[in-house]
Amino acid sequence: MNILVWHVHGSWLTAFVQGPYTYLVPVTEDRGPDGLGRAVTWDWPATVQERTPKELWDSDIDLMVLQRPHELDLALRWTGRRPGVDVPAVYVEHNCPGESAERTQHPLAAQSRIPVVHVTHFNRLMWDNGTAPTEVVEHGVIDPGPLWTGAEQRAAVVVNEPVRRGRTTGTDLLPRFACSAPLDVFGMGTDGLAERLGLPPERCRSRDLPQAALHAAMARCRLYLHPVRWTSLGLSLLEAMFLGMPVVALDTTEVREAIPEGAGVVSNRLDVLDEAIRTFLADPEYARLTGDAARTAAQARYGERRFLDDWERLIKEVTR
């Protein structure tokens, strides 16, 4: 089976392309957002094959996996085939509604040919999906192994473009949490973050690392801090749990579902989160036991095999 899928979210796609199919990834001369081609920083199998728009026109395509509204038009222009009409299609919705949850209609809400596949049950609940059929396939993570050492008494935070995203990702909360633990903030666009937040450099280190070095660097931190107010369930949170890191997180979106009792501290009370951070810093054995529980929980719910099995079932239903 040949599956057309754009390279949009590298971490999600890395798990998706581990399945038993051939994945046609569009590539353009400038390798822009609509034609990134194969990943540079992730290890993808040879079954992921690049196709130019011209090559896609003549390619056999059994399923289209869409992830952005304008890909409906791109697919038609580049292949000559209508998603959901000429070729079976699904639409993967990675995000929760951007504005008001009770008044935000999904871009595909007015049709019924293309299923909308949400990555969390929270997201499916919050979007107004209209007449679109919906499914949920929860995240799958390729296990990086139990790398946690907690050697550095610091809290790891992973967020891309923290200044631009601001309150959405809890960037405004970082100065408060930096009083409880020095922070290592990993992600793109983190340079100069300490200065922007008015923090001494040693209390907020920016770490824009290549993907291959990210997990080992995160795992040296004593704990993982997830101050996110309103995004979909972050893959970085799940990856931290797979690493064996104890986690401290706001009780928002799908977080409570992902972190069971004993695997971390989840609360919307900032004083509770401050105390949890300080406790993990002071007690490495408690941090280790909590991280072990986090890893066990993540393996049980967000393993790669379960993710691929769920997608296999859905693909068969859509293409039969």
Side-chain angles (χ1 to χ4, degrees), residues 96 101 120-123 125-126 139 148-159 162 165-187 190 193-194 197-200 202-205 218-298 300-302:
C96 49
T120 72
H121 291 276
F122 179 89
N123 290 2
L125 177 68
M126 291 300 161
H139 285 305
W148 179 82
T149 66
E152 296 190 41
Q153 291 187 325
R154 305 182 69 87
V157 180
V158 178
V159 58
R165 298 170 75 189
R167 285 176 54 83
T168 300
T169 53
T171 305
D172 60 300
L173 300 175
L174 296 182
R176 176 187 177 119
F177 290 131
C179 294
S180 298
L183 308 176
D184 276 7
V185 183
F186 298 90
T190 57
L193 180 61
L197 296 178
L199 292 170
E202 67 275 8
R203 301 303 293 185
C204 182
R205 297 194 306 202
M218 287 173 59
R220 288 186 57 81
C221 295
R222 182 65 54 83
L223 68 131
Y224 182 80
L225 173 64
H226 193 65
V228 173
R229 282 192 178 89
W230 188 256
T231 72
S232 189
L233 182 62
L235 274 167
S236 58
L237 169 64
L238 302 181
E239 289 168 356
M241 295 172 69
F242 270 92
L243 292 169
M245 301 183 74
V247 292
V248 175
L250 293 184
D251 190 0
T252 54
T253 64
E254 190 90 346
V255 169
R256 177 67 63 174
E257 288 283 329
I259 306 173
E261 192 72 27
V265 177
V266 179
S267 178
N268 287 328
R269 289 184 51 179
L270 297 180
D271 58 324
V272 171
L273 301 180
D274 286 334
E275 180 61 26
I277 293 170
R278 291 192 292 265
T279 300
F280 284 132
L281 288 190
D283 192 340
E285 179 62 14
Y286 173 54
R288 182 186 67 79
L289 292 173
T290 305
D292 287 346
R295 175 169 166 79
T296 298
R301 183 160 183 172
Y302 300 103

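We're numbering straight along the sequence, starting at 1.
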Check: Ser180 side chain, Glu275 main-chain N or O, donor-acceptor pair, under 3.5 Å: no

Worked verdict on Arg229 versus Asp172 for salt bridge (charged side-chain N to carboxylate O under 4.0 Å, His left out): CA-CA 11 Å; Arg229 282 192 178 89; Asp172 60 300; 2.7 Å; yes

Criterion side chain to side chain contact (heavy atoms under 4.5 Å, CB included) on Val255 and His226, from CA distance to verdict: CA-CA 9 Å; Val255 169; His226 193 65; 4.0 Å; yes

Within-4.5 Å side-chain heavy-atom neighbours: Leu183 and Leu174: yes

Donor-acceptor contact present, side-chain Trp148 to main-chain Leu223, <3.5 Å: no

Separation between CZ of Phe122 and SG of Cys96, rounded to the nearest 0.5 Å: 6.0 Å

Between CG on residue Leu193 and SG on residue Cys204, distance to nearest 0.5 Å: 4.0 Å

Any Met218 side-chain heavy atom under 4.5 Å of Phe186 side chain: yes

Stepwise side chain to side chain contact (heavy atoms under 4.5 Å, CB included) check, Glu257 with His121: CA-CA 10 Å; Glu257 288 283 329; His121 291 276; over 6 Å; no

Closest non-hydrogen atom pair, Tyr224 against Ser236: OH-OG, 2.9 Å

Main-chain N/O of Pro162 paired to Thr171 side chain as donor or acceptor, under 3.5 Å: yes

Check: Arg222 side chain, Glu152 main-chain N or O, donor-acceptor pair, under 3.5 Å: no

Inter-residue atom distance Phe242.CZ - Arg295.CZ, 0.5 Å rounding: 7.5 Å

From CA spacing to verdict: side chain to side chain contact (heavy atoms under 4.5 Å, CB included), Thr231, Thr253: CA-CA 7 Å; Thr231 72; Thr253 64; 5.8 Å; no

Parallel, tilted or perpendicular: rings of Phe280 and Tyr286 (30°, 60°): parallel

Verdict with supporting geometry, Ile259 and Met241, side chain to side chain contact (heavy atoms under 4.5 Å, CB included): CA-CA 9 Å; Ile259 306 173; Met241 295 172 69; 4.1 Å; yes

Spacing of Met245 atom CE and Leu225 atom CG [to the nearest 0.5 Å]: 10.0 Å

pair Val266-Leu273: side-chain heavy atoms closer than 4.5 Å: no

Nearest heavy-atom neighbours spanning Thr290 and Gly264: CG2-N, 3.5 Å

Shortest non-hydrogen separation from Arg165 to Val159 and the atoms involved: NH1-CG2, 4.0 Å

Under 3.5 Å donor-acceptor, Thr296 side chain and Asp292 backbone: yes

Closest approach of Pro182 to Glu202 (non-hydrogen atoms, all atoms of both residues): CB-O, 3.7 Å

Side chain proximity check, His139 to Arg301, heavy atoms < 4.5 angstrom: no

Which atom of Arg203 lies closest to which atom of Ala178, heavy atoms considered: NH2-O, 2.5 Å

Rounded distance [0.5 Å steps], CG in Asp283 versus CZ in Arg278: 14.5 Å

Approximate separation, where rounding is to 0.5 Å, of Cys179 SG and Leu199 CG: 7.5 Å

Sidechain-backbone polar pair: Gln153 side chain, Leu281 backbone, donor-acceptor under 3.5 Å: yes

Smallest separation among heavy atoms of Arg220 and Thr149, with atom names: CA-OG1, 3.6 Å

Side-chain donor/acceptor of Asn268 to backbone N/O of Leu250, under 3.5 Å: no

Exercise: do Ser232 and Asn123 side chains pair donor with acceptor under 3.5 Å: yes

Crowding at CD, Glu261 (>12 non-hydrogen neighbours, <6.0 Å): no

